[in-house]
Amino acid sequence: MFPRAPPYHIVVSRHQRHLLFPLLSPRRCPFSGASGSGPDPTDLWIAKLVSTVFHLSPSPAIAADRIAPIRHLLSPSVALAALRRHADPLSALAFFELSCSAFGITHSAAAFRFVICSLCQSGFHDDALKVFYQMANEGHGIEESFLEFLAVSCIEAGKLDLAVGLLGRASEFGCWYQSYTLNNLLSLLVGRNLVNDAVLFLRQHLHSQFLTPDTCSFNIVIKGLCRLGDIDAAFNFSDQMRSFGCSPDMVTHNTLIDGLCRAKQLDRAQELLQRIQLDGSSLPNVVTYTSVISGYCKMGKMEEALGVFSEMTGAGIRPSRVTYNVLIDGYGKVGDMLSAVSVYERMLASGCPPDVVTFTSLIDGYCRSGWLDDAMKLWNEMSQRELKPNAYTYAVAINSFCRMNRLNEARKLLKELKGRRDVMPHAFIYNPVIDGLCKCGRVDEANVVVLEMEERRCKPDKFTYTILIIGHCMKGRMAEAIALFQKMVSSGCTPDSITVNSLVSFLLKAGMPNEINKIMLTASERYIGLDKPCQEIPSSLGKSMGISVAM
DNA sequence: TTAGGGTTAG
């Protein structure tokens with residue numbers, strides 16, 4: 001934490017002169033700048049001296065000894081001026097702490113804010129919050145705007161736990177904060193699948209006088225609950241909205257309808273749609289209808305989907321690109337490519353340009369029907385329309401080539417993907433190729449593909465490892481299979497019962513009981529905390545060894 | 001800051 005510095009000399013050499021005038025990086029924090037008429041020139045001179053001595057000392061303790069003779073010159077305003085001379089926030093923090101502990105300085109609110117802002121801007125939010133809580137404990141008034149700045153900084157840095165803790169204590173500091181900040185936090189929590197944390201936070205603070213949730217706050221949490229499949233909880237929240245002065249709006253209704261559709265409760269979704277229509281308070285829009293159409297498409301009920309589509313157009317609502325894409329994908333999934341193409345043509349005729357999702361769905365449809373060559377014609381047509389395939393498109397095409405045992409064409413696409421720096425590679429794109437190669441006994445080539453994915457910082461997942469372990473076992477390369485299992489565990493990828501069962505059964509056939517023991521021991525250590533229950537497998541081994549394996 | 005679309009393999 002303490003900055004590296006050369007030994008202390010009274011006379012500073014030419015090459016050290018810059019240390020007298022450390023340049024501060026631009027401060028974006030509105031609370032860290034100087035205010036008022038600025039520091040006294042004498043204070044500035046002392047601050048310069050003190051900060052230089054501090055910088056040149058090899059440790060805070062030595063700095064304390066060296067500054068001691070002039071400690072009587074130190075004041076809160078000198079300390080603030082000295083703090084401003086620290087370019088490194090951790091160095092500023094070290095000086096801040098030293099001036100409290102060694103020289104008894106009671107820092108001003110401005111000094112606290114300066115250190116907190118510096119730490120936040122460099123990503124040291126944990127330290128920033130410790131200083132903030134010290135600031136509050138020392139009785140400094142907390143401005144609402146400062147609390148919000150700190151919360152937003154934590155949120156933007158992804159330190160949601162810190163933001164939750166800070167905003168959760170806002171009432172302690174007498175601070176009210178805007179729904180915008182709350183919604184930012186809720187949105188990020190939901191986006192990271194921390195729906196329960198978002199729900200808990202909103203519930204705990206609904207009655208707080210320092211927080212005013214708005215319709216958007218509820219909508220965010222309702223969407224999270226719908227994505228979890230907890231439709232009843234989502235409806236409960238929507239029922240509660242009015243008692244907090246918020247009215248459900250079109251977004252609320254659409255979120256609930258989409259939730260019902262995802263939960264395959266299409267009848268309830270249709271009922272709600274009709275209720276909204278009868279109610280007249282908000283008319284269903286293209287998003288509402290598209291959600292219902294999507295729900296039917298996902299269930300393969302294309303007649304019903306088309307019925308809702310007709311109802312929508314009959315009501316004078318123009319289909320969006322998403323609406324067309326949903327229908328095209330639905331027809332492709334049920335193998336009705338004639339209808340999929342018909343919707344595509346209608347889309348073009350209506351002046352709605354297709355996008356990469358349209359093409360991915362069409363390519364997927366052709367692939368599922370076994371018409372790979374038609375699919376690849378579309379692949380080429382995409383570039384004519386200046387559309388680039390993305391990770392989804394590659395996944396669809398590569399998977400299909402592998403299913404048809406056209407591994408070389410799949411590898412050609414992987415090679416093309418290698419040149420696409422704008423596409424983030426995912427294990428599910430590589431896995432079918434690795435699987436196909438292993439099944440053909442081309443294990444060495446499979447290992448090369450794994451190296452390629454790792455070169456692109458794409459970590460193998462449990463499917464990759466299991467495919468490889470089985471592939472190596474099939475070739476009798478047991479030592480390599482065991483090494484892969486060990487690499488899997490040490491890289492933090494938790495094996496599941498399929499991985500362990502596969503390896504153990506091969507080891508059993510190979511007559512390697514000692515290795516089985518080791519694998520099972522590792523597995524039992526790793527399985528602590530797994531959600532799914534344990535099951536006795538394999539039968540012969542389980543009986544003889546009394547070991548259970550998680551499923 | 002909130003609503004609808006495409007990948008899921010061992």
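Throughout, a chain's letter reflects where its sequence line sits, starting with A, and its residues are numbered from 1. Please read all numbers here as calculations on a predicted model, not as lab measurements.
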Distance criterion of 3.5 Å, no angle test: do you see the side chain of Asp249(A) paired donor-to-acceptor with the base of dA3(B)? no
Has the side chain of Thr466(A) got a donor or acceptor that lies under 3.5 Å from a partner of the other kind on the base of dG10(B)? yes
If I take atom [atom1] in residue [X] and atom [atom2] in nucleotide [N], what distance separates them, rounded to the nearest angstrom?
| X | N | atom1 | atom2 | result |
| --- | --- | --- | --- | --- |
| Asp258(A) | dT2(B) | CG | P | 15 Å |
| Phe244(A) | dT2(B) | CZ | P | 22 Å |
| Ile257(A) | dT2(B) | CD1 | P | 20 Å |
| Tyr324(A) | dG6(B) | OH | P | 18 Å |
| Asn431(A) | dG10(B) | CG | C1' | 8 Å |
| Tyr465(A) | dA9(B) | OH | P | 20 Å |
| Asn285(A) | dT2(B) | CG | P | 16 Å |
| Arg368(A) | dA9(B) | CZ | C1' | 12 Å |

Is there a donor-acceptor pair closer than 3.5 Å between any side-chain N or O of Ser342(A) and the backbone N or O of Leu338(A)? no
Give [X] one of three labels, base, sugar-phosphate or nothing, depending on what nucleic acid heavy atoms sit under 4.0 Å from its own.
| X | result |
| --- | --- |
| Val190(A) | nothing |
| Ser217(A) | nothing |
| Arg262(A) | sugar-phosphate |
| Val286(A) | base |
| Ser320(A) | base |

From dT1(B), dG4(B), dT2(B), pick the nucleotide closest to the side chain of Asn219(A)? dT2(B)
What's the closest nucleotide to the Asp329(A) side chain, out of dG4(B), dG6(B), dT2(B)? dG6(B)
Could you tell me which non-hydrogen atom of Pro319(A) sits nearest to which non-hydrogen atom of Tyr324(A), and how far apart they are? CG-OH, 3.7 Å
Derivation and outcome, side-chain contact (heavy atoms from CB on, under 4.5 Å), residues Lys462(A) and Met488(A): CA-CA 8 Å; Lys462(A) 66 175 180 177; Met488(A) 178 181 189; 3.7 Å; yes
Partner of Glu409(A) under salt bridge (Lys or Arg N to Asp or Glu O under 4.0 Å), chosen from Arg411(A), Arg406(A), Lys412(A): Arg406(A)
Is there a side-chain polar atom (N or O) of Lys223(A) under 4.0 Å from OP1 or OP2 of dT2(B)? no
For dT8(B), does either OP1 or OP2 sit under 4.0 Å from a side-chain N or O belonging to Asn399(A)? yes
Distance-only check: which donor-acceptor pairs under 3.5 Å involve side-chain atoms of residues 223-243 of chain A, not counting sequence neighbours?
from: Asp230(A); atom 1: OD1; to: Ala233(A); atom 2: N; distance (Å): 3.3
from: Ser238(A); atom 1: OG; to: Phe235(A); atom 2: O; distance (Å): 2.8
from: Ser243(A); atom 1: OG; to: Gln240(A); atom 2: O; distance (Å): 2.6

Going by number, which of residues 292-301 of chain A have a non-hydrogen atom under 4.0 Å from DNA chain B? Ser294(A), Lys298(A)
When you compare the side chains of Glu416(A) and Tyr394(A), does any donor N or O come within less than 3.5 Å of an acceptor on the partner? yes
